[in-house]
Amino acid sequence: MARLIIWLSVSVVLLSGCSLSKEAEIEIRVEALRYAFKAETANWEWEGKKWTEISQSIFVVECDAHGTEVIKNLGDYPVAGELVNVGDRGGGFVEPISGKSVAFWEVKEVVRSKDGAYLVDVGCTMGGLHGYGQILRLEKIAGRWVVISSTPTWVS
């Protein structure tokens, strides 16, 4: 009986170490989106003008989980949960009042890899980078989630 109790206690501790808290899930999604926004706005070009400033864009974000909290934690970025009025100008989406470029981003899933890092599938579902995405590998370093590597994906 004592062995069973010890075995169950060890199992619970090990299993709890594998699960991700809600706060950690939100932090991972936020860091993945921040990375994607910075990496991709550096590559945007519209009518011969480089769109390197994040402030020239609006990001509409969809998450498979905790969407409201993720959007709230991206408050220092021009992020919206949804936009009602978006126009199509030459293949790109533009918010008519501000004239800002609009890109719709989705965090598709967060999966733990065998080595303890987390893989995040993030991609642009509509807008100037429609079909572009990344598989990001994040690890917690010094108490912060950090993108260790990225693998671009492209859906045509």
Side-chain angles (χ1 to χ4, degrees), residues 7-46 49-84 86 91-95 98 100-156:
W7 183 84
L8 287 173
S9 299
V10 170
S11 297
V12 168
V13 168
L14 290 174
L15 289 174
S16 66
C18 295
S19 66
L20 199 57
S21 71
K22 177 182 175 181
E23 291 77 22
E25 285 188 54
I26 292 167
E27 289 171 8
I28 287 171
R29 284 170 172 80
V30 166
E31 186 57 34
L33 286 164
R34 287 178 189 276
Y35 182 90
F37 296 164
K38 287 178 185 176
E40 292 321 304
T41 53
N43 296 323
W44 289 4
E45 189 171 324
W46 179 258
K49 180 181 177 187
K50 282 294 226 178
W51 288 76
T52 57
E53 292 292 322
I54 287 177
S55 64
Q56 296 172 337
S57 307
I58 298 173
F59 303 106
V60 179
V61 174
E62 299 173 354
C63 287
D64 60 347
H66 314 298
T68 303
E69 292 95 338
V70 169
I71 291 167
K72 185 175 104 184
N73 283 290
L74 284 164
D76 53 338
Y77 282 75
V79 176
E82 63 181 64
L83 281 179
V84 177
V86 177
F93 291 92
V94 175
E95 197 277 322
S98 67
K100 293 182 178 186
S101 176
V102 178
F104 294 77
W105 286 86
E106 178 183 22
V107 177
K108 298 173 188 169
E109 66 180 331
V110 176
V111 178
R112 186 176 178 153
S113 65
K114 289 180 182 180
D115 64 359
Y118 284 86
L119 303 176
V120 181
D121 185 355
V122 60
C124 185
T125 58
M126 286 193 297
L129 294 169
H130 177 78
Y132 176 84
Q134 298 182 52
I135 304 293
L136 301 172
R137 179 182 184 79
L138 286 93
E139 292 180 4
K140 196 159 194 173
I141 298 173
R144 225 179 121 232
W145 289 100
V146 178
V147 175
I148 300 302
S149 66
S150 67
T151 304
T153 61
W154 184 261
V155 179
S156 54

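These numbers come from the heavy atoms of this one structure, side chains and all, not from hydrogens, waters or symmetry mates. Please read all numbers here as calculations on a predicted model, not as lab measurements. Throughout, residue positions are numbered sequentially from 1 according to the sequence presented.
- Across Phe37 and Val61, no two heavy atoms sit closer than the pair CZ-CG2, 4.0 Å.
- In this structure, Val147 and Val120 have side chains that are not in contact, with every pair of non-hydrogen atoms separated by 4.5 Å or more.
- With values rounded to the nearest 0.5 angstrom, Arg144 atom CZ is found 13.5 Å from Glu139 atom CD.
- Rounding to the nearest 0.5 angstrom, the gap separating the CD atom in Glu23 from the CD atom in Glu25 is 9.5 Å.
- Residue pairs meeting the salt bridge (Lys or Arg N to Asp or Glu O under 4.0 Å) criterion with at least one member in residues 114-125, sequence neighbours excluded: Asp115-Arg137.
- By the 4.5 Å heavy-atom criterion applied to side chains, Val107 and Val70 are not counted as neighbours.
- Ring pair Tyr77/Phe59: centre-to-centre distance not below 6.0 Å.
- One distance of note links CH2 of Trp105 with CD of Glu62; it measures 12.5 Å at 0.5 Å rounding.
- Atom-to-atom distance recorded for Thr151:OG1 and Leu119:CG is 8.5 Å, nearest 0.5 angstrom.
- The two atoms that bring Tyr35 and Ser150 nearest to each other are OH-OG, 3.5 Å, heavy atoms only.
- Residue pairs meeting the salt bridge (Lys or Arg N to Asp or Glu O under 4.0 Å) criterion with at least one member in residues 69-79, sequence neighbours excluded: Lys22-Glu69, Arg34-Asp76.
- Atoms CD and CE, from Glu106 and Met126 in turn, are 10.5 Å apart once rounded to the nearest 0.5 Å.
- Considering every non-hydrogen atom in both Leu138 and Ile28, the closest pair reads CD2-O, 4.0 Å.
- To the nearest 0.5 Å, atom CZ of residue Phe104 and atom OG1 of residue Thr125 are 7.0 Å apart.
- Heavy-atom minimum distance, Ala32 versus Leu136: O-CD1, 3.5 Å.
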